[in-house]
Structures are given as C-alpha cells and as structure tokens.
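Take a look at the structure set out below.
For reference, positions follow the sequence shown, starting with 1. Values in this document were obtained by computation on a predicted structure and should not be read as measured data.
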Amino acid sequence: MSVSTRRATPDLELLRRLREVLAAPATEAELRTSIEQADALVRVTRGQMEGSERRLDELTSDPASALAEVAAELHRVDALGRDLREAGRLQAALEERAQELRSRWLLRQA
C-alpha cells in the first residue's frame with residue numbers, strides 16, 4: 001500500500017480530527033465523542049494489524065511468496081503500528097483533558 005493511498009484513509013482523517021480537538025477548546029460532550037472515536041480507531045487498527053501480521057506469517061512460511069508481497073505487508077504492519085501508537089496516545093490525552101475539565105467544573109461547584 002503506498003503512502004499516498006494510506007493518506008486518503010478515513011482512519012488518518014480521524015487521527016487529524018482528534019488532533020484538532022486536542023488543539024482547541026472543547027466541551028465535555030465533544031471530548032466524550034472524540035474519546036469514543038479514538039477507542040474505536042484503536043480497536044479497528046489493532047484488528048487490521050493483527051490481520052496483517054497473520055498475512056505476513058502466511059507469506060513468510062510459503063517459500064513461493066514474492067518478496068514484494070512480504071515487503072508490502074511489512075510496510076503495512078509498520079504503518080499500522082505507528083497509527084495504533086498515535087491513536088492510543090490521542091485517546092489517553094483526550095481522556096486526561098476530559099478529566100481535567102470535569103475536575104475544574106467540580107471545583108467551581110464547590
């Protein structure tokens with residue numbers, strides 16, 4: 001899968017939107033929605049990575065596999081790993097921000 005093809009995926013668009021939510025003021029509802037989207041992205045990306053790793057195992061166990069196929073799958077696993085790490089980091093940052101927002105609200109209510 002080429003880098004230009006990966007850049008057009010909905011997953012990468014979601015990563016961009018999650019970064020935007022973190023960069024600007026957001027309501028608790030916006031943060032909650034973003035956290036749910038990040039969680040879904042982590043799950044989907046993890047599933048894609050596991051599938052790609054299984055495919056890589058199949059390719060490497062078959063001596064007739066083309067080296068180009070193995071290289072493409074390795075590239076995909078690497079790219080998915082980067083996306084998974086970023087999605088997890090964004091999810092944690094969103095959760096932390098939501099917790100800070102709730103804490104500030106509770107302090108004002110006290």
Side-chain angles (χ1 to χ4, degrees):
M1 177 181 292
S2 73
V3 173
S4 61
T5 303
R6 281 191 72 254
R7 295 206 189 286
T9 65
D11 295 347
L12 292 176
E13 177 61 25
L14 179 54
L15 284 173
R16 183 190 62 75
R17 285 196 316 263
L18 294 173
R19 286 190 296 266
E20 287 175 356
V21 169
L22 279 172
T27 66
E28 184 180 1
E30 290 168 327
L31 290 170
R32 191 172 37 250
T33 298
S34 296
I35 290 166
E36 291 170 1
Q37 290 172 338
D39 181 60
L41 181 58
V42 165
R43 291 171 188 253
V44 166
T45 305
R46 186 174 292 128
Q48 290 173 339
M49 190 166 172
E50 289 170 358
S52 205
E53 287 172 337
R54 280 191 301 275
R55 175 72 177 136
L56 190 57
D57 286 344
E58 291 169 6
L59 289 170
T60 57
S61 66
D62 181 2
S65 295
L67 186 56
E69 284 183 272
V70 174
E73 208 59 47
L74 278 171
H75 176 73
R76 179 172 161 77
V77 167
D78 182 56
L80 287 167
R82 285 191 307 270
D83 293 347
L84 182 58
R85 285 187 297 277
E86 183 174 10
R89 182 188 63 76
L90 290 169
Q91 181 182 16
L94 288 162
E95 288 171 349
E96 182 178 324
R97 186 144 166 223
Q99 180 62 41
E100 290 169 359
L101 186 65
R102 285 189 292 272
S103 294
R104 283 195 306 267
W105 183 83
L106 286 172
L107 287 173
R108 283 192 297 256
Q109 301 304 311

Residues 38-45, side-chain donor-acceptor partners within the protein, below 3.5 Å, at least two apart:
from, atom 1, to, atom 2, distance (Å)
D39, OD1, Q91, NE2, 3.4
D39, OD2, R43, NE, 3.0
T45, OG1, L41, O, 2.8

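- Pairs engaging residues 52-75 under the salt bridge (Lys or Arg N to Asp or Glu O under 4.0 Å) rule: R55-E58, R55-E69, E73-R76 [sequence neighbours left out].
- For the pair L94 and L18, the minimum side-chain heavy-atom distance is below 4.5 Å.
- How far CZ of R16 is from CD of E13: 4.0 Å, rounded to the nearest 0.5 Å.
- In this structure E50 satisfies the side-chain hydrogen bond (donor to acceptor under 3.5 Å, both in side chains) test with no other residue, sequence neighbours excluded.
- When all heavy atoms of I35 and A98 are compared, the closest pair comes out as CD1-CB, 4.0 Å.
- Legend: residues meeting side-chain hydrogen bond (donor to acceptor under 3.5 Å, both in side chains) with S61, ordered by chain and number and at least two apart, are absent.
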Evaluation steps, side-chain contact (heavy atoms from CB on, under 4.5 Å), between L15 and L12: CA-CA 5 Å; L15 284 173; L12 292 176; 3.7 Å; yes

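- Partners of A24 according to the side chain to side chain contact (heavy atoms under 4.5 Å, CB included) rule, which considers only residues two or more places apart in sequence or in another chain, do not exist here.
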Test log, rule side-chain contact (heavy atoms from CB on, under 4.5 Å), inputs L80 and S52: CA-CA 9 Å; L80 287 167; S52 205; 4.2 Å; yes

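- Sorted by first and then second residue, the pairs that involve residues 96-110 and meet salt bridge (Lys or Arg N to Asp or Glu O under 4.0 Å), not counting sequence neighbours, are E28-R102.
- By the 4.5 Å side-chain criterion applied to Ile, Leu, Val, Met, Phe, Trp and Tyr, L106 is assigned to a cluster that also includes W105.
- Not counting sequence neighbours, the partners of E30 by the side chain to side chain contact (heavy atoms under 4.5 Å, CB included) test are A26, T27.
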Audit row: T60, V70, side-chain contact (heavy atoms from CB on, under 4.5 Å) steps and yes/no: CA-CA 7 Å; T60 57; V70 174; 4.3 Å; yes

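- Between atom CG of residue D83 and atom CZ of residue R46 there is a gap of 13.0 Å, rounded to the nearest 0.5 Å.
- Under the side chain to side chain contact (heavy atoms under 4.5 Å, CB included) criterion, T33 pairs with Q37, not counting sequence neighbours.
- For the side-chain hydrogen bond (donor to acceptor under 3.5 Å, both in side chains) test, residues two or more places apart in sequence or in another chain that qualify with E86 are R19.
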